[in-house]
Amino acid sequence: MNDRERLAGIDPCGVERASVLDRAFYDRAPEFVARGLLGRHLIRRSREGVVTGRIVETEAYLFREDPACHAARGRTPSNRAMFGPPGHAYVYPIHSRYCFNVVTERRGIGSAVLIRAVEPLAGVALMQRRRRRDAIRDLARGPARLCEAFAIDRRLDHHNLTVPRQLWIADPRDGIPEGGQIGCSPRIGVTSGHGLLLRYFVLNNPFVSGTRRHQRRFTHEES
DNA sequence: CTACCGATTGACT
DNA sequence: GTCAATCGGTAGA
């Protein structure tokens with residue numbers, strides 16, 4: 001980056017550095033990060049082109065008293081990124097696919113936020129090619145579909161999301177209904193920790209995953 | 001080494 | 001709604 005670019009706040013890719021979510025954003029409890037990510041834009045730049053999507057569904061995974069969290073039984077070679085610095089990616093394989101998380105809280109605390117769905121914005125044709133599917137609603141509705149559409153795999157495990165390179169999340173929010181009300185429910189697919197309401201989603205957004213049953217809003221009074 | 005399993009998806013009734 | 005494919009990670013012999 002030369003001085004002119006530095007002064008303009010522009011990196012060599014032409015992206016405004018100020019628009020990228022920074023370390024401080026991720027260095028908080030995962031419940032806050034999960035809610036705060038709704039409405040932000042996920043951006044993936046690769047040799048094939050650029051794709052972007054609005055984050056509409058997330059899930060928090062807690063370091064303590066959360067049996068569904070991959071860090072619950074300590075460090076393993078596979079979950080190492082979870083214990084690393086906040087704002088880095090934790091990408092792990094499941095059922096021969098991938099899921100993408102952002103690491104939260106300080107180094108040594110194994111917590112993260114799973115990005116479950118985005119609403120496609122730019123690069124729809126590229127996403128359709130990667131997914132071998134035309135229906136826009138199904139391009140990134142679900143964590144593994146999202147990874148396929150955005151070409152996210154284990155090579156991006158540990159990737160630093162706080163610089164605008166390959167994969168990052170932009171600061172501006174949009175697409176949240178008036179009043180800022182968001183949905184809250186148990187997490188999808190987990191075999192434990194069902195009493196925890198750690199899934200967050202944009203209400204009435206058709207790009208949120210799950211069936212109609214999953215779109216029901218829970219309150220903290222019910223189990 | 002083998003056995004088991006999952007934060008999923010897509011096809012099908 | 002149901003169900004099976006699929007394979008890396010993990011635990012245990």
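This is a predicted model, so every value here is computed, not measured. In what follows, chains are A, B, ... by sequence order, proteins preceding strands, each numbered from 1.
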So do Phe201(A) and Thr58(A) actually touch side chain to side chain, heavy atoms under 4.5 Å? no
Residues at least two apart in sequence or cross-chain that pass salt bridge (Lys or Arg N to Asp or Glu O under 4.0 Å) with Arg213(A), listed by chain then number, are none
For residues 26-33 of chain A, which side-chain N or O atoms pair as donor and acceptor with protein atoms under 3.5 Å away, sequence neighbours left out?
unit_1, atom_1, unit_2, atom_2, d
Asp27(A), OD1, Arg106(A), N, 3.2
Arg28(A), NE, Phe25(A), O, 2.9
Arg28(A), NH2, Phe25(A), O, 3.4

For a quick check of understanding: with a heavy-atom distance under 4.0 Å over all strands, which category does Arg154(A) fall into, base, sugar-phosphate or nothing? sugar-phosphate
In a check of side-chain hydrogen bond (donor to acceptor under 3.5 Å, both in side chains) between Glu148(A) and each of Arg97(A), Arg132(A), Arg133(A), which one passes? Arg132(A)
Along nucleotides 1-13 of chain B, 5' to 3', which nucleotides get a B, which get an S, and which get a -, given that the test is a protein heavy-atom distance under 4.0 Å? -----BBBSSS--
Base-pair string, DNA chain B, Watson-Crick plus G-U, cut-off 3.5 Å on both distances, | for inter-strand, is ||||||.|||||.
Between Thr211(A) and Tyr98(A), just flag the one whose closest nucleotide in DNA chain C comes earlier from the 5' side. Thr211(A)
Should we say atom CZ of Arg73(A) is surrounded by more than 12 heavy atoms from elsewhere, each under 6.0 Å from it? no
Between His158(A) and Tyr90(A), do the side chains contain a donor N or O and an acceptor N or O under 3.5 Å apart? no
Here the gap from Leu146(A) atom CG to Arg131(A) atom CZ, rounded to the nearest 0.5 Å, amounts to 9.5 Å
Is the closest side-chain donor-acceptor distance between His70(A) and Asn101(A) under 3.5 Å? no
If you look at every heavy atom in Asp66(A) and Ala72(A), which pair is closest and at what distance? O-CB, 3.6 Å
Contacts under 3.5 Å, N or O only, protein and nucleotides 10-13 of chain C:
unit_1, atom_1, unit_2, atom_2, d
dT10(C), OP1, Thr76(A), OG1, 2.2

Show me the donor-acceptor pairs, under 3.5 Å and distance only, between side chains in residues 112-120 of chain A and residues at least two apart or in other chains.
unit_1, atom_1, unit_2, atom_2, d
Arg116(A), NE, Glu57(A), OE2, 3.0
Arg116(A), NE, Ser209(A), OG, 3.4
Arg116(A), NH2, Ser209(A), OG, 3.2
Glu119(A), OE1, Arg54(A), NH1, 3.0
Glu119(A), OE1, Asn205(A), ND2, 3.0
Glu119(A), OE2, Arg54(A), NH1, 3.3

